Amino acid sequence: MRAPGLAQAAAALHDGDAVVIPFPSPLPYAVAATEAAAVNQAKGRPRDQPCGMLLAAAGDLVPHLDLDPATIELSIWIAQVEQANLLVPLRPDAPRWLRRGSANNRVGVALAWLAQTRPLAREFGHLFVSSANRTGGPVGVTAPEADAIFHGRRLVLNGDPFRDATTARGSATIVDVQRSGLRVVRDGINNRSLAADHAAYLHNLHRRFAAARASGAARMVDRTGLDHSPRQA
């Protein structure tokens, strides 16, 4: 995770290769690339399968969401603080770079960068990502596990020293966001303790968000210290 490794990862991404990067705990490692097809190929699934996007700046996403302001504010808090993944609707005039990851005007997004991967966030702005596993197989939650899953054929950025090995880790919960409300569409590590009760998990999210908003902590700022204002073209 030092400068030479990050530079090697950036070079591989510019070449169109998929690399394995660490998410912050309790999330796992992820396969990342500049094209969804490269992520899908690494995972052994159809090249044209829809793929989520990891965005460096919440401000790049917000203007293009087909949601009311209150729901947008809640959604960004969920992605940044809860670190769950979102499935969100896009406005018809959303830019091409964002629509490339969409299906039926909806796109899966994440904002959970590990602080040490800031150089990649700043350089690329967004990457296509998916959990670090072969389709149907276990997900890698440590660098050696991720390396073994891909048989040493993918560059793996070792974020283990910056992750919490004492907590349970796994793929993110996916929350479908609509004007009518929220819905859990995939169970994950975020709702692990309440996996059988989606209503209780969503109620807990709303309660925590309301408390954060009351304290002034529910702004577009996350624990990585990244600037979430819109990036310049």
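This one's a predicted model, so the numbers in the text were calculated from it and none came from an experiment. Residues: numbered from 1 along the sequence shown.
- R179 CZ: more than 12 foreign heavy atoms inside a 6.0 Å radius.
- Residues L87 and R183 have side chains not in contact (no heavy-atom distance under 4.5 Å, counting atoms from C-beta outward).
- At distances below 3.5 Å, not a single donor-acceptor pair connects side-chain atoms of Y29 with backbone N or O atoms of D147.
- Within the 3.5 Å criterion, the main-chain N or O of L90 finds no donor-acceptor partner in the side chain of R99.
- Exactly one of I21, N158, D160, L6 qualifies for a side chain to side chain contact (heavy atoms under 4.5 Å, CB included) with M1. That residue is L6.
- The main-chain N or O of A172 is found under 3.5 Å from a side-chain atom of R186 such that the two form a donor-acceptor pair.
- Summarising the geometry, atom CG belonging to N105 is positioned 8.5 Å from atom CG belonging to D66; distances are rounded to the nearest 0.5 Å.
- Of the possible donor and acceptor atoms, none in the side chain of S131 sits under 3.5 Å from a partner among the backbone N and O of S171.
- Between the side chains of N40 and R47, not a single donor N or O lies within less than 3.5 Å of an accepting N or O.
- Ring geometry, W97 versus H64: the interplanar angle exceeds 60°, so the pair is classed perpendicular (tilted spans 30 to 60°).
- For the pair L205 and W77, the minimum side-chain heavy-atom distance is below 4.5 Å.
- Between V175 and N190, the closest side-chain pair of non-hydrogen atoms is not below 4.5 Å.
- Summarising the geometry of P28 relative to V141, their closest heavy-atom pair is CB-CG1, 4.0 Å, with the distance given to 0.1 Å.
- Distance OG/S193 to CG/N204: 7.5 Å, rounded to 0.5 Å.
- Heavy atoms of other residues, nucleotides or ligands lying less than 6.0 angstrom from NE2 of H203 number 12 at most.
- Put simply, the side chain of R122 never gets that close to the backbone of A56: no donor and acceptor are under 3.5 Å apart.
- Without hydrogens or angle criteria, S102 side chain to V107 main chain gives no donor-acceptor distance under 3.5 Å.
- Here the CG-NE2 distance, from L61 to H126, works out to 12.0 Å after rounding to the nearest 0.5 Å.
- Considering all non-hydrogen atoms of both residues, L182 and I78 come closest at CD1-CD1, 3.8 Å.
- Legend: residues meeting salt bridge (Lys or Arg N to Asp or Glu O under 4.0 Å) with R192, ordered by chain and number and at least two apart, are absent.
- Atom CG of D93 has more than 12 heavy atoms from other residues, nucleotides or ligands within 6.0 Å.
- Hydrophobic clustering of Ile, Leu, Val, Met, Phe, Trp and Tyr side chains at less than 4.5 Å, counting indirect connections, keeps V88 apart from V185.
- Atom CZ of R207 is separated from atom CG of L202 by 13.0 Å, given to the nearest 0.5 angstrom.
- When all heavy atoms of A112 and P24 are compared, the pair lying nearest together is O-CD, 3.2 Å.
- Taking the side chain as every heavy atom from C-beta outward, R106 and P50 never approach each other to under 4.5 Å.
- Looking at heavy atoms from C-beta onward, L155 lies out of side-chain contact with D17 at the 4.5 angstrom threshold.
- In this structure, R163 contributes its side chain and L27 its backbone to a donor-acceptor pair below 3.5 Å.
- Annotation for A18 and A42: closest pair CB-CB, 4.1 Å, computed over non-hydrogen atoms.
- At least one donor-acceptor pair under 3.5 Å links the side chain of T142 to the backbone N or O of E145.
- W113 contributes a side-chain N or O that, together with a main-chain N or O of L55, makes up a donor-acceptor pair within less than 3.5 Å.
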